[in-house]
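Quick caveat: nothing in here was measured; it's all calculated off a predicted structure. Every chain is numbered from 1, with letters handed out A, B, ... down the list of sequences.
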Number of protein chains: 2
Amino acid sequence: MPESPPPLADRFSLDGHIGFLLRRAHQRHAAIFLDAAADVGLTPTQFAALARTVELGRVTQNLLGRLVAMDPATIQGVVRRLTARGLIARTHDPLDRRTAVLAPTAAGLALVDAAVACARRAHDTALAPLSDEERRTLIALLQKMV
Amino acid sequence: MPESPPPLADRFSLDGHIGFLLRRAHQRHAAIFLDAAADVGLTPTQFAALARTVELGRVTQNLLGRLVAMDPATIQGVVRRLTARGLIARTHDPLDRRTAVLAPTAAGLALVDAAVACARRAHDTALAPLSDEERRTLIALLQKMV
DNA sequence: GATGAATTGTTCGTATTCGAATGACCGGAG
DNA sequence: CTCCGGTCATTCGAATACGAACAATTCATC
């Protein structure tokens, strides 16, 4: 008689799979961030791009994409929505007419402070189940992993 | 004279923000998984839904969505693609004509073993920068967080 | 049995995310 | 100067991901 294989749950646990955990943790933070930043109207992705642009003052679209880990195709859409809202401005480098040079506008600079406050709240809320020590450990391990 | 505000980088570090780290870690695992599972042709999301369906044997679409943390609108598309590939089958419960009852097909059961092997490889590759102890810690902290 | 609330699944719109292809442009090799 | 590889930005298609609206159905209450 043929032996029936052991059930999948005995061979693999989706809930211990790093990809599944990262997806759920990322999802959870995104939901918390969108709630915390509802008044400033920024998504986590848009916030990252805006914050990095403010950090740098002036940056090409392509470099910005690399510094926030976004594909050229992705950063294009994010920058389009941020410029449409008047938070960053697009100019062109006359010495390299391929590039789009980005800089925060006055509105962008004015918004980024409130946005940072929202990001801090989302950070703390998302990490609420962990102690301070655990938070530092988690962040260090994620930084080591990426 | 008005004081100029301190630079953003002194007030906020995107690279220490849990949302940014989770987004990048999730991104990295997804890329690794897609590479490891290229031969079985499953995305991480599709794998999660298929694995959970195999675990349960029979499950409604809505419950499956909750068990893999997917919106009703999201699980609908994932299930549509899995059924189109003949990996899971949709029937209907005559006692509740709202629900769509899902079950793995023979092809789905046959594919899930190879897919689990790919998931294991992706798991190990994504966690390669960490020691065994660090991996356990990271997974435990993520499980505590979500 | 009727009626209103809750559940299930679908569809639409918007926002990431990436691979692939394309066009414009820069730089160096000859 | 010309050609050619590399870079930059854009576009398209496909796959998540979610809010909102909707129809069909079930359930609880009257």
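Of the residues in residues 22-47 of chain A, those lying under 4.0 Å from DNA chain C by heavy-atom distance are A:Thr43, A:Thr45, A:Gln46. Taken residue by residue, residues 53-76 of chain A places heavy atoms nearer than 4.0 Å to DNA chain C at A:Asp71, A:Ala73, A:Thr74. Contacts between residues 80-92 of chain B and DNA chain C, counted as heavy-atom distances below 4.0 Å, involve B:Arg90.
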| Would B:Leu87 and B:Leu109 satisfy side-chain contact (heavy atoms from CB on, under 4.5 Å), going step by step from the backbone distance to the final call? | CA-CA 8 Å; B:Leu87 300 177; B:Leu109 287 170; over 6 Å; no
| task | Begin from the C-alpha positions of B:His29 and A:His17 and carry the test ring-ring contact (aromatic ring centres under 6.0 Å, His included) through to its verdict. | result | CA-CA 11 Å; B:His29 174 272; A:His17 184 60; 5.1 Å; yes
| message | Apply salt bridge (Lys or Arg N to Asp or Glu O under 4.0 Å) to residues B:Asp124 and B:Arg135 and explain how you reach the verdict. | response | CA-CA 9 Å; B:Asp124 288 339; B:Arg135 297 181 192 199; 3.6 Å; yes
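When hydrophobic clusters are built by joining Ile, Leu, Val, Met, Phe, Trp and Tyr residues whose side-chain heavy atoms come closer than 4.5 Å, directly or via intermediates, B:Val68 is not grouped with A:Leu21.
Judged by distance alone, with hydrogens and angles left aside, the side-chain atoms of B:His123 form a donor-acceptor pair with the main-chain N or O of A:Ile18 at under 3.5 Å. A donor-acceptor pair under 3.5 Å links the side-chain atoms of A:Arg23 to the main chain of B:Ala69, judged by distance alone. Remark: side-chain polar atoms of A:Arg121 are paired, donor with acceptor, to backbone N or O of A:Ala36 under 3.5 angstrom. Using a distance-only test at 3.5 Å, with no hydrogens or angles considered, no donor-acceptor pair links the side chain of A:His26 to the main chain of B:His26.
A:Arg58 CZ: 12 or fewer foreign heavy atoms inside a 6.0 Å radius.
Using a 30° and 60° split on the angle between ring planes, A:Phe33 and A:Phe47 fall in the tilted class, from 30° to 60°.
Separating the CG atom in A:Leu141 from the CD atom in B:Glu133 is a distance of 10.0 Å, to the nearest 0.5 Å. The distance from atom CD of B:Gln27 to atom CG of B:Leu22, rounded to the nearest 0.5 Å, is 12.0 Å.
Across all non-hydrogen atoms, the minimal contact from A:Ala49 to A:Leu82 is CB-CD1, 3.9 Å.
Ion pairing between a basic and an acidic side chain is recognised when a charged N comes within 4.0 Å of a carboxylate O; A:Asp15 and B:Arg52 show such pairing. Checked for salt-bridge contact, B:Asp93 and B:Arg98 miss the test: no charged N lies under 4.0 Å from a carboxylate O.
Taken over five-pair windows at either terminus, the axes of the helix from C:dG1-D:dC30 to C:dG30-D:dC1 are inclined to one another by 10° (rounded to 10 degrees).
The shortest distance between side-chain heavy atoms of A:Leu67 and A:Leu56 falls below 4.5 Å.
Side chains of A:Arg85 and A:Gln46: no donor on one and acceptor on the other come within 3.5 Å.
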Listing time: all N or O pairs from protein to nucleotides 21-27 of chain D that are below 3.5 Å?
from, atom 1, to, atom 2, distance (Å)
D:dT26, OP1, B:Arg97, N, 2.9

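Counting 5' to 3', DNA chain C first comes under 4.0 angstrom of a heavy atom of chain A and last does so at the ends given by C:dA15 to C:dC26.
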